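Have a look at the structure below, then the notes.
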Amino acid sequence: MDSRGSRPCASSPSGGAARGRVPRLLILPLLALATDRAAAQIGAFTEEAVARGLVYAMPPVLNGFTIYGIGLADLDADGDLEVVATGTPSGVLGIFENDGAGHFTDRSASSGIPAFTDMLNFGAVDLDGDDDLDLIVLRVAMPPMIFRNDGGLQFTDISAKTGIDKGVLPTGMAAGDVDGDGRVDLFIPHFRYNWPPGMESFRHTLWRNNGDGTFTDIAPQLGLDLHALTYAVALFDADDDADLDLYVSNDRGHMASAMPNRFFRNDDGAFTEIGQQNGTGLGFFSMGIGVGDIDGDDVTDLYCTNAPFNVAPIYGANPLLQGSASGMYSQTQVPWGVDHHIYSWACFFFDANNDGLQDLFVVNQDQPDTLYLNTGAPPMINATAASGLGVPGGRAYGGAYGDVDGDGDLDIVTYRYASNIRLFINPTNESANWIKLSVLGEGEDSIALGATVTLAANGAVQRSNVLQGGNGFLGQSTFDAHFGLGADTVAAALVIRWPNSGSVRTLLNYPANTRWTVYPPELMGDYDGDSIVTQFDLSRLSIECGGPVAPGLEMLDMNGDAWLDSLDFALISGAMTGLVGDFNADGVVDGNDLGTLLGDWMAPCTASDLTGDGVVDGDDLGTLLGNWS
């Protein structure tokens with residue numbers, strides 16, 4: 001693995017995995033601490049795209065089915081977010097390198113990706129398990145282009161080798177490990193529309209990652225090869241059973257000739273459609289999907305955008321589908337004040353002011369965009385004017401969020417036709433704290449797509465999903481789990497749940513205003529990233545022992561209490577797979593190692609404590625001599 005150091009915490013000393021719905025004994029009592037909050041406050045975002053080096057002109061008008069994507073992804077694996085955009089009339093995929101402070105350099109021409117005029121949208125995920133993000137570029141009536149990330153913002157076209165050879169009319173996509181084999185699969189829907197001619201019979205595709213650089217469409221055998229007017233899709237763990245469920249947003253679903261929205265429950269790789277049963281299978285002009293937790297009950301809610309036509313059953317509202325622990329969803333858009341009734345596309349939940357509550361941003365087609373602020377109870381407040389985000393302009397479709405300048409609040413990228421792309425910088429609120437988690441994946445899925453993170457802090461509970469797709473309509477938002485903490489200076493409890501394996505870790509009292517990396521159980525204790533836990537890793541812990549965890553040392557905090565001490569020594573010692581007593585990692589246990597142990601005699605918290613009992617004594621000497629080479 002790379003140096004994305006971080007620390008998760010085992011749910012038990014052995015780091016064992018749990019499967020199924022996670023008991024909420026830790027989280028739910030904290031709900032009782034929630035209190036009435038004052039009216040939400042927001043500062044004014046400022047549009048700074050050109051000033052920060054983002055120059056990428058959008059076409060003057062919509063041409064056919066060519067609506068475009070814009071988003072954020074860490075393409076060079078340096079911890080900050082690059083901007084990626086499609087749609088300029090020249091056909092160039094925009095790639096803008098972030099300097100870490102939110103200033104950008106145009107790397108489009110040097111990326112190795114040629115210009116082509118039929119692109120629609122993009123996705124950035126790690127398809128080959130090499131810890132960097134590859135690019136999938138969706139095209140009009142053509143198979144997607146797949147570009148392998150070679151590092152340094154250089155990409156190689158591997159499309160022909162992948163076997164992804166079916167042309168569709170896609171706007172959205174979703175990525176995740178749907179079959180539990182540790183590899184990232186791609187769900188690419190088709191918008192059932194006879195433009196260009198000949199597209200009417202095409203269907204949705206689910207490309208299973210075969211692990212050798214090739215993919216196989218398994219949508220037909222799983223019943224997912226829909227013939228629908230699909231705009232957006234989301235893969236997320238709706239029921240906390242450690243596999244990824246699928247929500248499909250279909251246009252014109254109220255019409256007899258079309259298909260309502262679909263909700264497919266994943267049961268260990270087999271999908272069952274339950275939208276009509278759980279309340280999500282609505283028929284309307286459904287476009288974008290937002291996945292979040294509006295009410296802080298650690299259950300995922302869904303929000304869909306709509307056209308404001310007064311037709312049954314939604315009558316032009318944007319439905320807020322509020323989830324429950326029973327798996328049922330109810331429409332609560334009216335009491336929450338987000339029924340909207342404006343022609344809208346992208347939408348996403350995010351904490352705009354770091355107060356610990358998820359707000360809602362909606363991209364409107366022909367009107368200024370809308371920001372709804374969450375006060376902790378219905379209704380939300382329309383804070384568009386105060387936020388500065390309601391800037392008028394041409395027609396709009398896509399948007400995404402992420403912390404582009406590294407100051408701990410979430411910024412927004414979007415666009416409008418006949419203008420440059422837009423970057424809205426969030427005003428830093430120094431009185432509101434925050435915490436970010438970069439969750440490392442298991443197997444070849446290095447970014448843990450579909451993982452969930454639940455935070456208990458500030459008298460409330462927040463839930464975040466690691467998603468590609470389901471974060472709006474077009475484009476991609478940050479993979480980091482970002483939480484506002486308000487006045488709290490620590491995150492009281494964080495529960496991280498990995499998909500498919502069901503692994504669970506808990507972190508307690510992690511400090512605020514820091515981006516932490518969270519390792520899955522299999523990587524705990526492995527400081528040098530060589531895939532085994534050795535005496536060298538224990539030696540690093542001895543240097544840091546007796547102090548708080550810091551970024552880059554998280555994998556050494558075995559019990560997740562934000563402190564490095566003898567308890568972590570004992571757990572790492574129990575996880576060691578290298579030669580015990582080989583302190584200098586030369587492959588043998590000899591006199592050099594004996595000298596090291598004797599030099600640490602009776603000392604606490606050192607690598608020479610081979611038995612993990614807190615002190616270097618005769619037991620450790622006996623262990624070393626037993627391994628003598």
Side-chain angles (χ1 to χ4, degrees), residues 6-11 18 21-35 37 40 236-237 240 291-301 323 325 348-360 374-376 401-403 408-410 429 432-440 448 450-467 471 477-499 503-520 549 551 554 557 560-562:
S6 146
R7 66 283 156 255
C9 153
S11 55
R21 181 174 289 276
V22 177
R24 296 182 178 173
L25 298 179
L26 173 65
I27 298 298
L28 289 183
L30 290 165
L31 287 172
L33 301 177
T35 58
R37 297 169 185 266
F236 65 105
D237 186 4
D240 289 343
V291 178
D293 181 11
I294 194 172
D295 54 348
D297 63 352
D298 194 23
V299 177
T300 299
D301 307 310
F348 48 78
F349 293 98
F350 77 130
D351 189 348
N353 53 3
N354 281 341
D355 66 350
L357 299 167
Q358 290 192 359
D359 309 302
L360 176 64
N374 195 338
T375 65
Y401 69 90
D403 183 6
D409 51 32
L410 294 171
N429 180 3
N433 298 308
W434 53 273
I435 193 168
K436 287 190 288 187
L437 301 183
S438 172
V439 182
L440 302 189
T452 62
V453 183
T454 300
L455 165 76
N458 199 21
V461 172
Q462 302 178 57
R463 178 186 177 106
S464 180
N465 298 272
V466 181
L467 299 174
N471 261 335
S477 294
T478 179
F479 290 134
D480 283 349
H482 181 114
F483 299 103
L485 294 174
D488 280 17
T489 58
V490 299
L494 289 155
V495 178
I496 301 94
R497 294 165 277 198
W498 278 263
S503 300
V504 178
R505 288 194 173 280
T506 302
L507 306 179
L508 302 175
N509 298 318
Y510 264 68
N513 304 322
T514 303
R515 182 178 187 255
W516 300 101
T517 305
V518 182
Y519 289 88
V549 71
E554 301 96 327
D557 182 17
D561 63 355

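Everything numeric in this text was worked out from a predicted model, so none of it was measured.
By the 4.5 Å heavy-atom criterion applied to side chains, D480 and D403 are not counted as neighbours. Looking only at side-chain heavy atoms (C-beta outward), V453 and F483 come within less than 4.5 Å of each other. Under the 4.5 Å side-chain criterion, counting only non-hydrogen atoms from C-beta, D351 is in contact with D355. L410 has its side chain out of reach of W434: every pair of non-hydrogen atoms, C-beta onward, lies at least 4.5 Å apart. Here the side chains of Y401 and T478 are in contact, with some heavy-atom distance below 4.5 Å.
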Inset, instruction - I would like to know whether L494 and I435 meet side-chain contact (heavy atoms from CB on, under 4.5 Å); could you show each step before the answer? - result: CA-CA 10 Å; L494 289 155; I435 193 168; 4.2 Å; yes
Inset, instruction - Might you work through the side-chain contact (heavy atoms from CB on, under 4.5 Å) test for R463 and V299, ending with a clear yes or no? - result: CA-CA 8 Å; R463 178 186 177 106; V299 177; 5.9 Å; no
Inset, instruction - Evaluate side-chain contact (heavy atoms from CB on, under 4.5 Å) for D293 paired with Q462, printing each intermediate quantity in order. - result: CA-CA 7 Å; D293 181 11; Q462 302 178 57; over 6 Å; no
Inset, instruction - Mind running side-chain contact (heavy atoms from CB on, under 4.5 Å) on V439 and W498 for me, showing each step along the way? - result: CA-CA 9 Å; V439 182; W498 278 263; 3.7 Å; yes
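Residues satisfying the salt bridge (charged side-chain N to carboxylate O under 4.0 Å, His left out) criterion with D237, sequence neighbours excluded, are absent altogether. Under the rule for a side chain to side chain donor-acceptor pair (under 3.5 Å), the partners of T452 that lie at least two apart in sequence or sit in another chain are R497.
Rounding to the nearest 0.5 angstrom, the gap separating the OG1 atom in T454 from the CG atom in N465 is 8.5 Å. Here the straight-line distance linking atom CG of L437 with atom NE2 of H482 works out to 10.5 Å at 0.5 Å rounding. Remark: F350 CZ to L360 CG distance equals 8.5 Å, nearest 0.5 Å.
Residue pairs meeting the salt bridge (charged side-chain N to carboxylate O under 4.0 Å, His left out) criterion with at least one member in residues 482-495, sequence neighbours excluded, do not occur.
V549 and Y510 get closest at one heavy-atom pair: CG1-CE2, 3.6 Å.
Side-chain atoms of N433 never come within 3.5 Å of backbone atoms of A512 as a donor-acceptor pair (strictly under, hydrogens ignored).
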